[in-house]
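As a basis for the values below, the full set of heavy atoms in this structure was taken, side chains included, without hydrogen atoms, waters or symmetry mates.
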Amino acid sequence: MKVEVKNIEFTLKNEQLKLLPEKAIFWAKEGALILADLHFGKVGHFRKAGIPIPKNVYADNLGKLSHLLITYSVTKLIVIGDMFHSHYNNEMEVFKKWREKYPSLVIQLIVGNHDILKDDVYEQLQIDALKSHAIPPFEFIHDPEDMIETDNYQLFGHVHPGVRLSSGRRMSLTRPCFYFKETYGILPAFSDFSGLHILKPSKKDQIFVVGDERVLEV
């Protein structure tokens with residue numbers, strides 16, 4: 001049985017966006033897929049340290065990314081930090097082969113705290129490594145602590161935002177979410193291998209919870 005995947009059409013600063021259950025945003029006007037915290041290489045990093053993590057996690061994330069690129073005819077990938085995780089490891093060879101499949105794809109990376117690869121690696125992968133990046137009306141910055149003075153609406157990663165949903169005193173569920181305040185927003189971590197930082201939103205904030213096949217406003 002085919003599962004119906006439901007995204008949400010969301011207007012932000014007069015721009016039409018799609019919030020996707022794969023924990024990414026599609027901006028049709030720019031042909032851009034926007035995501036944060038892919039953390040590619042993290043599995044290999046943990047396994048090297050003796051922590052038993054399933055090998056297929058990174059392959060699943062790349063497969064999910066490929067599906068989105070094809071489904072939405074993406075021409076530009078904007079990663080708001082932590083595309084990679086720590087130093088070069090064997091997973092990078094897998095990523096290189098994946099990159100070769102999309103030679104015309106523009107990749108713009110706002111460098112996060114885990115993006116510590118050498119500059120020539122980004123050049124070889126045809127990735128524009130940037131400290132911040134503006135495409136009005138948006139400004140892309142990895143860490144909310146690096147917020148700047150700008151008229152643009154700032155979009156961040158880094159936090160891995162989540163919310164706790166309760167249906168009674170004994171029942172609660174935590175889920176990743178898209179989190180939008182008046183002047184900035186935070187994207188959920190794209191990687192399926194990441195923790196959650198539980199937020200306590202105010203009544204003015206807009207929260208969109210990510211389910212398995214849909215995005216829901218709460």
Side-chain angles (χ1 to χ4, degrees), residues 3-13 15-42 57-85 95 98-99 101-102 105-112 114-115 127-128 130 133 135 137-144 153-163 175-180 184-197 199 206-217:
V3 176
E4 183 181 2
V5 175
K6 293 188 177 181
N7 53 58
I8 279 188
E9 299 281 351
F10 179 52
T11 302
L12 183 61
K13 295 298 177 180
E15 295 293 328
Q16 300 299 314
L17 308 175
K18 289 183 185 292
L19 308 184
L20 310 177
E22 293 87 355
K23 296 179 289 187
I25 295 175
F26 179 59
W27 186 8
K29 192 178 86 172
E30 292 290 325
L33 185 70
I34 306 166
L35 56 88
D37 300 289
L38 176 58
H39 287 285
F40 196 77
K42 187 175 182 178
V57 172
Y58 65 85
D60 290 347
N61 284 329
L62 277 183
K64 180 172 64 170
L65 182 55
S66 296
H67 171 73
L68 292 175
L69 296 182
I70 295 169
T71 300
Y72 294 99
S73 301
V74 173
T75 59
K76 182 187 301 180
L77 177 63
I78 301 173
V79 182
I80 314 178
D82 288 355
M83 185 171 191
F84 303 102
H85 188 92
F95 184 86
W98 177 90
R99 180 65 173 114
K101 296 179 182 179
Y102 305 96
L105 177 68
V106 174
I107 301 180
Q108 296 172 329
L109 167 64
I110 292 75
V111 175
H114 286 289
D115 295 310
I127 295 174
D128 298 325
L130 310 164
H133 183 45
I135 306 178
F138 302 122
E139 190 94 27
F140 303 101
I141 304 172
H142 177 59
D143 190 337
Y153 187 91
Q154 298 177 76
L155 289 171
F156 300 100
H158 186 63
V159 175
H160 303 186
V163 291
R175 296 297 304 179
C177 69
F178 296 90
Y179 177 77
F180 298 102
Y184 69 88
I186 306 174
L187 275 65
F190 184 82
S191 172
D192 292 328
F193 178 41
S194 59
L196 291 178
H197 176 67
L199 301 174
Q206 288 183 279
I207 306 297
F208 297 88
V209 173
V210 180
D212 293 332
E213 289 93 25
R214 64 179 62 200
V215 179
L216 299 171
E217 185 170 12

Exercise for the section: Please examine the side chains of Phe178 and Phe10, heavy atoms only from C-beta on, and report whether any two atoms are closer than 4.5 Å. Expected result: no
Handout entry: Pair Asp115-His142, side-chain contact (heavy atoms from CB on, under 4.5 Å): steps then yes or no
Key = CA-CA 11 Å; Asp115 295 310; His142 177 59; over 6 Å; no
Exercise for the section: Could you tell me whether the side chain of Val163 reaches within less than 4.5 Å of the side chain of Tyr179, counting heavy atoms only? Expected result: no
Exercise for the section: Examine Lys64 relative to Phe190 and say whether NZ or CZ is less than 6.0 Å from the centre of the six-membered ring and inside a 45° cone about the ring axis. Expected result: yes
Practice task
Run through Ile186, Ile141, Ile110, Ile80 and flag the one making a side chain to side chain contact (heavy atoms under 4.5 Å, CB included) with Leu155.
Solution key: Ile80
Exercise for the section: Mind checking the CZ-NZ spacing from Phe138 to Lys13? Nearest 0.5 Å is all I need. Expected result: 9.0 Å
Exercise for the section: Hey, could you give me the NZ/CG distance between Lys29 and Leu17, rounded to the nearest 0.5 Å? Expected result: 10.0 Å
Problem - For Trp98 against Ser66, the heavy-atom pair lying closest together - result: NE1-OG, 2.7 Å
Practice task
Kindly indicate whether the side chain of Ile135, heavy atoms from C-beta on, has any atom under 4.5 Å from the side chain of Trp27.
Solution key: yes
Exercise for the section: List the atom of Val209, the atom of Arg175, and the distance in Å for their closest heavy-atom pair. Expected result: CG1-CB, 3.5 Å
Practice task
Locate the shortest heavy-atom distance separating Pro144 from Val159; write the atom from each residue and the value.
Solution key: CG-CG2, 3.7 Å
Exercise for the section: Start with the C-alpha distance between Leu130 and Val111, add both sets of side-chain angles, then the distance that settles side-chain contact (heavy atoms from CB on, under 4.5 Å), and finish with yes or no. Expected result: CA-CA 6 Å; Leu130 310 164; Val111 175; 6.0 Å; no
Exercise for the section: Hey, can you tell me if Phe208 and Phe180 have their rings parallel, tilted or perpendicular (30° and 60° cut-offs)? Expected result: perpendicular
Completion exercise
Closest non-hydrogen atoms of Pro188 and Pro161, given as atom of the first, atom of the second and distance, are CA-CD, 3.8 Å
Problem - Heavy-atom check, side chain of Glu22 versus side chain of His67, under 4.5 Å - result: yes
Practice task
Hey, can you tell me if Phe156 and Tyr184 have their rings parallel, tilted or perpendicular (30° and 60° cut-offs)?
Solution key: perpendicular
Problem - Under 3.5 Å: donor-acceptor pair, side chain of Asp82, backbone of His158 - result: no
Practice task
State, with a plain yes or no, whether a side-chain heavy atom of Gln108 is found less than 4.5 Å away from one of Phe140.
Solution key: no
Exercise for the section: Scan Leu65, Thr75, Ile25 and name whichever one has a side chain to side chain contact (heavy atoms under 4.5 Å, CB included) with Leu33. Expected result: Leu65
Handout entry: Contact check, side chains of Leu105 and Arg99, non-hydrogen atoms, under 4.5 Å
Key = yes
Exercise for the section: Please confirm whether the backbone N or O of Ser191 pairs with a side-chain atom of Asn61, one donor and one acceptor, at under 3.5 Å? Expected result: no
Problem - Residue pair Ile107 / Met83, side-chain heavy-atom distance below 4.5 Å - result: yes
Completion exercise
Note: Leu20 and Tyr72 closest approach over all heavy atoms is CD2-OH, 3.3 Å
Exercise for the section: Go through the steps for Leu199 and Ile207 under the test side-chain contact (heavy atoms from CB on, under 4.5 Å), then give the verdict. Expected result: CA-CA 10 Å; Leu199 301 174; Ile207 306 297; 5.9 Å; no
Practice task
Check Val210 against Pro21 and note the closest heavy-atom contact, atom names and distance.
Solution key: CG1-O, 3.3 Å
